[in-house]
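Down below is the structure, laid out as structure tokens.
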Amino acid sequence: KSERHFLSHKKHLVLSVAATWLEKEKKDLVVAKEAYMAENCPAPNLSGDQATLMETCKKLHAVIDKVDEERYDLEAKVGKADKEIEDLKIKVVDLAGVKKPALKKVRMSADAMLKALLGSKHTVNLDLRANLKQVKKETKEEPTEAVGDWRKNIEDKADRKKMFESA
């Protein structure tokens, strides 16, 4: 019981430390965003006549258009990279193949197999040999004179060999 309590306390401690890290990370992000905005986007000068304000608006619109173009390009780049990553993941799965589990050898009759597949519906007893056609064996009679004496056959071939050598 005390070990379980210790593990529970340890888990609670880890979670509280992680929560404080997340809070600190959020605050750091807000500070970094404010610093970036102050450096790259100074507050516009709103004093002056209408022509100056119109010029400031045109400049702001040009900057907004430029940022939108960059954002669009980056989104397209990220989308392309994501699609490429998905394709590569599919290739990895295709190359690795689907692992098939090792099957156990099971001795089972055809009747038991059909009963397992079809359930209790299967009542027909399969006699696979009953449907086979009866075939009569035919014995071939080979002519005996064609076989002859093998020694004589060899001597004939030796004579033929000498005939080619002399030519």
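Since we're looking at a predicted model, the values are computed, not measured.
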Notebook entry, point to check: Who else is in Met37's hydrophobic cluster (ILVMFWY, side-chain heavy atoms under 4.5 Å, direct or via others)?
Noted result: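 Same cluster as Met37: Tyr36.
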
[atom1]-[atom2] distance between [X] and [Y], expressed to the nearest 0.5 angstrom:
X: Asp68; Y: Asp73; atom1: CG; atom2: CG; answer: 11.0 Å
X: Asp49; Y: Met54; atom1: CG; atom2: CE; answer: 11.0 Å
X: Glu84; Y: Asp87; atom1: CD; atom2: CG; answer: 7.5 Å
X: Leu15; Y: Lys11; atom1: CG; atom2: NZ; answer: 7.5 Å
X: Lys83; Y: Ile85; atom1: NZ; atom2: CD1; answer: 12.0 Å
X: Lys24; Y: Asp28; atom1: NZ; atom2: CG; answer: 4.0 Å

Notebook entry, point to check: Would you call Arg71 and Glu75 a salt bridge, using N to O less than 4.0 angstrom?
Noted result: yes

Notebook entry, point to check: Are Lys91 and Asp94 ion-paired here, with the side-chain N under 4.0 Å from a carboxylate O?
Noted result: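 No.
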
Margin query: Surrounding CD of Gln50 (heavy atoms of other residues, nucleotides or ligands, distance under 6.0 Å), is the total greater than 12?
Written below: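 Incorrect, the count does not exceed 12.
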
